[in-house]
2 protein chains.
Amino acid sequence: MASIKDVAKEARVSIATVSRVYNNPEIVSKKTKEKVYSVAKRLGYTPNFLAQNLKKSVVGTIIAAIPDMSNTFFIDIVLGIQDYAESRGYNVLMGRFDPEKFNISKYVKIVKSKAADGIVLATGHNRYYETVAEAEDVPIVTIEEEFMSKPHIYVDNFEAVRKVIDYLLSKGRKRMAFLGYKTEIERAKAFELVMKEYGLEYDKKITWKCDEREEEIPAQTKEYVDLLMKKELPEAIVCASDLLAAGTIKWLAKKGVRIPEDVAVTGFDNVEIAAIFNPGITTVEQPRKSMGQEAARMLINMIEGHEIAKKITFQTKIVIRESA
Amino acid sequence: MASIKDVAKEARVSIATVSRVYNNPEIVSKKTKEKVYSVAKRLGYTPNFLAQNLKKSVVGTIIAAIPDMSNTFFIDIVLGIQDYAESRGYNVLMGRFDPEKFNISKYVKIVKSKAADGIVLATGHNRYYETVAEAEDVPIVTIEEEFMSKPHIYVDNFEAVRKVIDYLLSKGRKRMAFLGYKTEIERAKAFELVMKEYGLEYDKKITWKCDEREEEIPAQTKEYVDLLMKKELPEAIVCASDLLAAGTIKWLAKKGVRIPEDVAVTGFDNVEIAAIFNPGITTVEQPRKSMGQEAARMLINMIEGHEIAKKITFQTKIVIRESA
DNA sequence: TGTTTTTATGAAAACGTTTCCATAACCCAC
DNA sequence: GTGGGTTATGGAAACGTTTTCATAAAAACA
């Protein structure tokens, strides 16, 4: 409640001096400083961010926009963003957005009205989005997808899928199936390409793409397993996420199929459930926290007008558990 | 970049009029309004939040402080908070905080410096925290714990535990054990009281309290199961969280114990893993999203100076799956 | 001691709004 | 027309800061 004026009056100095005590302490005399500090403490004075920022025209807040807050994948990214942002004195505003509708204008508006300085956009989809005119001069860093040639963080999905296939081959599995999502194209494409490159056949009929809504996963994996049971089982199933893998394993086990003896199953992302599921799920881990940190670093540098890289590629690592 | 001044000059009206076009459109003539709108659009004018708020002394941002972002429980609460906040035109700033250290002063400071209007605090612990002087006149709503007689959202853990015990009794299980956390007192206490009330004996030696750090759970549940195997197995184990239940089931299954035939296991919270685990975990669900919404509603009303309730109690419901 | 340099402080403008108060413009009735 | 009552607009203060410029006080030097 107390303003700089109150402190100034009480300490019998000008408001300019009080301001300097907080912003350029070195140029004000020790005596004055002590007087101001003690008065400020007594009055419970905290500089008003709004007024400071109005003057400086910097807010100190960045937005992390993610599609799904109940997904560890995105949460870890946000954790990384927060970690780094904090070290630079920025706050993080978290928001949801729908990758289908790509409704970022809400966030663009927030930045334009100076309630935030920039946006980290994570969709988890490797798409190429269309230009949004208003977003032209808004600082944005994207993770995974590309957008208006804004700087972005890229994860090498091809390399990741190759690692999985290599591992399965080393275990003697050749007949592989792929279970992915309708909207995530890169992993499916990578699977196809790597298989072709290795000269391996795979049955397109047992390669399926799910709707991406999480609540649909139990039903969809069940349907998928029912389909599989009617055909000859593959030796391995590569899933585009740990949840798909978990669902698939669950239904296969119910049919009496032994994992991994009869069928090996792999996931993607290494979320919490991969470790705790029974059997533990072999999966691919992206350095999520580092990705978030790097995104925040790029964004803040961009906001503060420094030079930054246009694209940063992260490598993945395979985490071997019991399911494959 | 364009300010209200630019628009006013270009539209040949005063800045007061431009301001009114956005805040009291009904009192400005149609002709003027149209002129202003068209100029504003051409110049790409968006009112500057900072200046608006400085004047109005309201920010339009609330903080959701939670201990663990990778826990669905808290994420759902935040989802509820966001949902409601959005409907009232507020943004949500998400932050972590350590329930052990109770380091809320960071957030109190943000509010005091007018970068946010208030705080929703969710710890998931039913503790009574000590007074923090600076937080005196800061709008805060807590979920679960009590703090400085700030308004709070309460979940009826006693009733919840009673429901679990009733259900287990109805299945003929009498010898029950409890696996909880060191810091969460209410569920453990409720278990003890209800058992006593029903005149049921329970072996204190097989009631254990874990460290609450999530990464410790696999190791701690393993240790617990090892301990159990040395004694006579109980007929049922009531766990204070789904993760504890999942860990316990996993290790019991590895020892060849059949769930639920030999031992029934129940969880708490109904997070994602409870549904997807094999076997599905019988658990207790709190209306998390509603709790978040209600917390946001209380907080915003508090911020805007309306009358609010001091305490709101939510009921739980039991979700029956395969583990019990 | 008087002059110059350094250091510490204050006055006031500026940031982009909202809003109170005053006034100009209009309309209608007489 | 003149007057009384609306209605639409402008001027200017205020919100709480930062910062430039000017000046007073102190220190350094001769």
Side-chain angles (χ1 to χ4, degrees), chain A residues 1-37 39-40 43-61 89 109-117 304, chain B residues 1-40 43-61 89 109-117 303-304:
Chain A
M1 275 302 165
S3 82
I4 199 172
K5 251 184 220 163
D6 305 319
V7 177
K9 193 195 281 177
E10 194 75 7
R12 293 155 196 275
V13 294
S14 72
I15 60 169
T17 301
V18 177
S19 174
R20 278 189 282 253
V21 168
Y22 287 91
N23 299 292
N24 295 76
E26 65 279 6
I27 68 165
V28 22
S29 77
K30 207 172 160 194
K31 225 173 62 185
T32 315
K33 244 184 309 200
E34 277 165 6
K35 199 165 48 175
V36 169
Y37 280 138
V39 171
L43 265 50
Y45 168 70
T46 320
N48 179 317
F49 248 124
L50 262 57
Q52 283 183 324
N53 296 339
L54 171 59
K55 190 62 193 173
K56 297 202 250 182
S57 190
V58 173
V59 189
T61 301
K109 218 167 279 170
I110 294 182
V111 175
K112 288 218 164 178
S113 65
K114 294 280 185 188
D117 299 302
E304 299 187 349
Chain B
M1 278 300 166
S3 82
I4 198 171
K5 253 185 217 161
D6 304 319
V7 176
K9 192 195 280 179
E10 193 75 8
R12 294 155 196 275
V13 295
S14 72
I15 60 169
T17 302
V18 177
S19 173
R20 277 188 283 254
V21 168
Y22 287 92
N23 299 292
N24 294 77
E26 64 281 4
I27 69 163
V28 23
S29 77
K30 208 174 160 190
K31 226 172 59 185
T32 315
K33 243 184 312 202
E34 278 163 5
K35 198 166 47 177
V36 169
Y37 280 138
S38 89
V39 170
L43 266 49
Y45 168 70
T46 319
N48 179 317
F49 250 125
L50 260 53
Q52 282 185 324
N53 296 339
L54 172 60
K55 190 59 193 173
K56 296 203 257 185
S57 187
V58 174
V59 189
T61 300
K109 217 168 277 170
I110 294 182
V111 174
K112 287 218 164 177
S113 65
K114 292 280 184 189
D117 298 303
I303 289 165
E304 299 187 350

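We use all heavy atoms of the structure for the numbers below, so side chains are in, but hydrogens, waters and symmetry mates are not. First the proteins, then the strands, lettered A, B, ... as listed; each starts at 1.
Between atom NZ of residue A/Lys33 and atom CD of residue A/Glu26 there is a gap of 7.5 Å, rounded to the nearest 0.5 Å.
Contact annotation: A/Gln52 reaches the phosphate of D/dT18 (side-chain N/O to OP1 or OP2, under 4.0 Å). Contact annotation: B/Thr32 side-chain N/O to D/dT9 OP1/OP2 distance is under 4.0 Å.
When all heavy atoms of B/Ala2 and B/Leu43 are compared, the closest pair comes out as CB-O, 3.7 Å. Minimum interatomic distance between B/Tyr45 and B/Ser3 (heavy atoms only, all atoms of both residues): CE1-C, 3.7 Å. Contact between A/Leu50 and B/Lys114 at its shortest, heavy atoms only, is CD1-O, 2.6 Å. When all heavy atoms of A/Tyr22 and A/Pro47 are compared, the closest pair comes out as CD2-CG, 4.3 Å.
The number of heavy atoms from other shown groups lying within 6.0 Å of NZ (A/Lys109) does not exceed 12.
Listed by residue number, the members of residues 16-26 of chain A with any heavy atom below 4.0 angstrom from DNA chain C are A/Ala16, A/Thr17, A/Arg20.
The rotation axes computed at either terminus of the helix from C/dT1-D/dA30 to C/dC30-D/dG1 lie 50° apart, taking five pairs at each end and rounding to 10 degrees.
Across all strands, A/Leu50 comes closer than 4.0 Å to no nucleic acid atom at all (heavy-atom distances). Among the protein residues, B/Phe49 comes within range of no part of the nucleic acid, since none of its heavy atoms lies under 4.0 Å from any strand. Using a 4.0 Å heavy-atom criterion, one finds that B/Thr46 contacts the sugar-phosphate atoms exclusively.
Nearest to the side-chain atoms of A/Lys55 among the listed nucleotides D/dT18, C/dT18, D/dG16 stands D/dT18. Listed candidates were D/dG10, C/dT9, C/dG16. Nearest to the side chain of A/Val28 is C/dT9.
C/dT9 atom P lies 14 Å from atom NZ of A/Lys30, rounded to whole Å.
For A/Glu34, there are no side-chain hydrogen bond (donor to acceptor under 3.5 Å, both in side chains) partners, not counting sequence neighbours. For B/Thr17, the side-chain hydrogen bond (donor to acceptor under 3.5 Å, both in side chains) partners are B/Ser14, not counting sequence neighbours. In this structure A/Ser19 satisfies the side-chain hydrogen bond (donor to acceptor under 3.5 Å, both in side chains) test together with A/Asn23, sequence neighbours excluded.
Here the side chains of A/Tyr37 and A/Val21 are in contact, with some heavy-atom distance below 4.5 Å. In this structure, the side chains of A/Arg20 and A/Ile27 come closer than 4.5 Å at one or more pairs of heavy atoms.
With the nearest nucleotide of DNA chain D identified for both B/Val13 and A/Lys5, B/Val13 has the one nearer the 5' end. Where A/Ile15 and A/Ile27 meet DNA chain C, the nucleotide closest to each residue was compared, and A/Ile27 sits on the side nearer the 5' end.
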What are the atom names and distances for every N/O pair under 3.5 Å that joins the protein to nucleotides 22-28 of chain C?
none

